[in-house]
Amino acid sequence: MEGMSDGLTWAAWLLIVPLAGALLAGVWPRAGRWIALATSVLVALLALGAAAQVWTQGPQVVSLGGWVPPLGIGLRLDGLAAFMLLVAALVGLFVGGYSLGYIPRDGHGERFWALWLWLWAALNALFLSGDVFNLYVTLELVVLASTALVALSGGAAALLAAMRYLMVGLLGSMAYLMGVALLYTQHGVLDLGLLAQRGGEGTAMMLAATLMSVGLMAKAALFPLHVWLPPAHGSAPAPASALLSALVVKGAFYILLRLWLTVFQDLAHPGVMQLLGGMGMLAVFWGGFMSLSADRLKPLVAYSTVAQVGYLFLAFPFLLAGPGGWHAAVFLVAAHATAKACLFMAAGNLQEANGGDDRLASVAEVMRARPLTSFALGIAGASLVGLPFTVGFVAKWILLQTAITSGAAFWAVGVVAGGLLTGAYVFRLLGPAFRPGPGRSGRPVPVLREGVTLALALVCVLLGFAGSAGLRLIAATPVAGPGG
Amino acid sequence: MAESLHAWPFFGSGVLLFVLGLHALVTRPHLLIKVLAFNVMGSGTFMVLLSAAARGSGEPDPVPQALVITGIVVAVSATAVALALMLRLYPILGGAGLPPGPPED
Amino acid sequence: MNPRPLSLLSGGLSALLALLLVSALWDTPVHEGVSASVAGAMGHTGVAHPVTAVLLDFRAYDTLLEMAVVLLAVLATWSLGRCDTLPARPVQGPVMRGGLRHLIPLAVLTGGYLIWAGGAGSGGAFQGGAVLAASGVMWVLAWPRRPDLPAPLGLRVGVTLGVAVFLAIGVAGLPLGPGFMGYPPGWSYGLILTVETAAACSIALSLVLLFLGGRPWRDAEDG
């Protein structure tokens, strides 16, 4: 039995606090908002502490209950995990503040708080897990919490979208679980570190890699497995859409990256990695064109998630580009998560002001009369495109730099072309608001919500200064083999 | 450990259940069949895990057995949510068939 | 895509996947997995049955999250709305009810035995909980009116109890030495039995509530 290091204590509390909050909010739905508020502040502080721990002492891999893998389950708190925990905490904090002004004080909607804390607990567990089967259980928690959040508004479209999402989610989980069964049959261990040491390129490993990758790509909504995403993210309540687009799809991407960095590193042949990158590029263009042709606000923002998830998959070809080639794509997670959460919050404000109608043509009038929200929309849109003075610019810049220095300049062409396409649909979204025309502020929207939306937009700017710190944190990830 | 072939009928049926469930889940529009198909896929996966536990000559490996118990409980919970959602959709769709084609937004 | 080509495509791909899976499994080596480590550690845990030791000690964290999945499923179905009607037509007549009056106590006894038996042989919280839940479902089906369920707060505490007790014991490991999700030496058996009992009660209640498929109270009664 080994002792407990400080690193695991931070990790353990990052699991305990949101779970305890979720339990309390489930028992007392009426007190949900205050429990959620206290929990989100605590979790954000804990995430900072955990990141500081990794920053000063490097990555920590420790066993739960003192049982060392293969017998027990290991948690890994390294740069990659700490970065994702921080992104989740940052987005969670702002979504929480926004929801205070969105979720009604009584009745059905109050269930949002418990479900949100469940989702947060599940994501934290997912980011910290170091065991392939344990990851399966966290994936199911994420699917169930997300399904409930999509269905929360209760309309026909929302229920249907939730059902489709649940079906895709369960199919993806089952493919992943068959991969786990293959890994155990091959190696007899479930710990990511031990599986990485054994590696191997046999048929079982290749099939496990295929099944797990396809399952996770469906959950991450990578083109062409994305069709469930736009209706699901488009029909959920605004704060739920923000969480789903900013964090949930990234959870699946995170596991996929984690697996290819450890268990499947021997299989990371150039052809396979280029294929994943190529699918990502197709997603960038398909999602971009669909955004460009959307005529309603929320579907436009949702299709943009399909496009931006594509960029993340450049991590895979960049794995081969040298040590740390994949860091740029992970940094993009922070840029997209903040920008997308902000866009969905702004869209929620405009939709509510416009009486529930989010057609672009009629939303423009409301945008002219609501400068706070429109300004936030503009900054978040600029960050999505990658215009200067935003975190999106820094992320895309690092991505381009990686593409060029790794001698794979054709990816750079894709990044730039995708950026132009993003610019086109963001302009389509914002353009009408800056043209002269009649303005009306519509129905009242709580000032708190407009304020939080704008504050998150400012975070999209401020995070631009965190580029080198973020990359240094991500670099504190132990990777064996060609990728490290 | 020497391999005897006693585990292979179970491996084979596990694989068969998995792909049968997969095929039905993808092709059948009826939600109840989809949910059942998901469970058939799950049973196939659990069978593969249990076969792996029992293929050696000694006592069966306890870890896959524990994983299967956990997996069953997880699958039951997911099934319950899917069925509850299906019952809510039933009056809206006028049946339990998922409308074909890509979803409209 | 038309149903027929889709069906052919999916069938072909499924058959291919079956072949690949069998050939992949054929290539895997025979190994004893983790059984040697489990056998070596059995002396340090409080229970005698290896599967229970894996579930509630070595991989206790998996089991905590799995109980969390059950609870989250209940909350998810509750968030969909209220259960207005029982999901099945109740059985009329005296035979069913008379039979159940004798069967339900027997099922409760069996469930309790299964929970306790898990320490030494096959059994445990989930098996016991499932038997208890089955008798609960029979009870719900047999009475043709809305069943008299406990107050909403009682139900919410009841379904949460298993996860809450397990989490509390897991957290207690932090100051007591063995760390998160660990049991202090010598305490394993008692704590595992506590966790199993609480888990079985919560799982049984959760499964019955999942069977109802919605919240058995109105929003106004949330309190």
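Per chain, numbering begins at 1; letters A, B, ... match sequence-line order.
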| Tell me, do Thr9(A) and Phe180(C) make a side-chain contact under 4.5 Å, heavy atoms counted? | no
| query | For Ala60(C), is it the side chain, the backbone, both or neither that has a heavy atom under 4.5 Å from a heavy atom of chain A? | reply | neither
| Region of Leu20(C) that comes under 4.5 Å of a non-hydrogen atom in chain A |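 It is both, since atoms from each part get that close.
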| message | I'd like to know whether Trp28(A) forms a side-chain contact (heavy atoms from CB on, under 4.5 Å) with Leu153(C), so could you lay out the CA-CA distance, the side-chain angles of the two residues, the decisive distance to 0.1 Å, and finally the verdict. | response | CA-CA 8 Å; Trp28(A) 290 289; Leu153(C) 183 65; 3.8 Å; yes
Which atoms of [X] are under 4.5 Å from chain C, going by heavy atoms: the side chain, the backbone, both sets, or neither?
X: Ala31(A); result: neither
X: Leu115(A); result: side chain
X: Leu149(A); result: neither

| request: With rounding to the nearest 0.5 Å, note down the distance linking OG1 in Thr28(C) to CG in Leu182(A). | output: 8.5 Å
| remark: So CH2 of Trp67(A) and NE2 of His44(C): to nearest 0.5 Å the spacing works out to 6.5 Å
Who wins among [options] for the most heavy-atom pairs under 4.5 Å with chain A?
options: Leu75(C), Leu72(C), Val74(C); answer: Leu72(C)
options: Asp57(C), Val54(C), Leu25(C); answer: Asp57(C)
options: Ala68(C), Ala76(C), Ala41(C); answer: Ala68(C)

| Top contributor to chain C contacts, counting heavy-atom pairs under 4.5 Å, from Leu19(A), Leu159(A), Leu152(A), Thr203(A) |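 Of the candidates given, the most pairs with chain C belong to Thr203(A).
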| So which of Gly202(A), Ala145(A), Ala114(A) has the largest heavy-atom pair count under 4.5 angstrom toward chain C? | Ala145(A)
| query | What pairs with Val272(A) under side-chain contact (heavy atoms from CB on, under 4.5 Å), at least two apart in sequence or on another chain? | reply | Trp260(A), His269(A)
| query | Taking only residues two or more places apart in sequence or in another chain, which ones pass side-chain contact (heavy atoms from CB on, under 4.5 Å) with Val163(C)? | reply |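 Counting only residues at least two positions away or on another chain, Val163(C) forms a side-chain contact (heavy atoms from CB on, under 4.5 Å) with Leu23(A), Leu64(C), Met67(C), Leu71(C).
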| said: Please verify the inter-ring angle class for Tyr184(A) with His31(C); under 30° counts as parallel, over 60° as perpendicular, anything in between as tilted. | reply: perpendicular
| request: Kindly state each residue pair satisfying side chain to side chain donor-acceptor pair (under 3.5 Å) with at least one member in residues 131-140 of chain A, sequence neighbours excluded. | output: Ser129(A)-Asn134(A), Asp131(A)-Arg59(C), Asn134(A)-Asp62(C), Tyr136(A)-Glu140(A), Glu140(A)-Ser173(A)
| Closest approach of Leu65(C) to Ala125(A) (non-hydrogen atoms, all atoms of both residues) |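 Between these two residues, the closest heavy atoms are CD1-CB, 4.4 Å.
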| message | Please give me the minimum heavy-atom distance between Leu144(A) and Ala73(C), naming the atom from each residue. | response |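 Nearest heavy atoms, Leu144(A) then Ala73(C): CD1-CB, 4.3 Å.
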| Residues of residues 204-211 of chain A near chain C, each having a heavy atom less than 4.5 Å away |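 Those residues of residues 204-211 of chain A which have a heavy atom under 4.5 Å from chain C are Ala204(A), Leu207(A), Leu211(A).
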| query | Between Met181(C) and Ile73(A), does a side-chain contact (heavy atoms from CB on, under 4.5 Å) hold up when you go through it step by step? | reply | CA-CA 10 Å; Met181(C) 297 313 292; Ile73(A) 297 173; over 6 Å; no
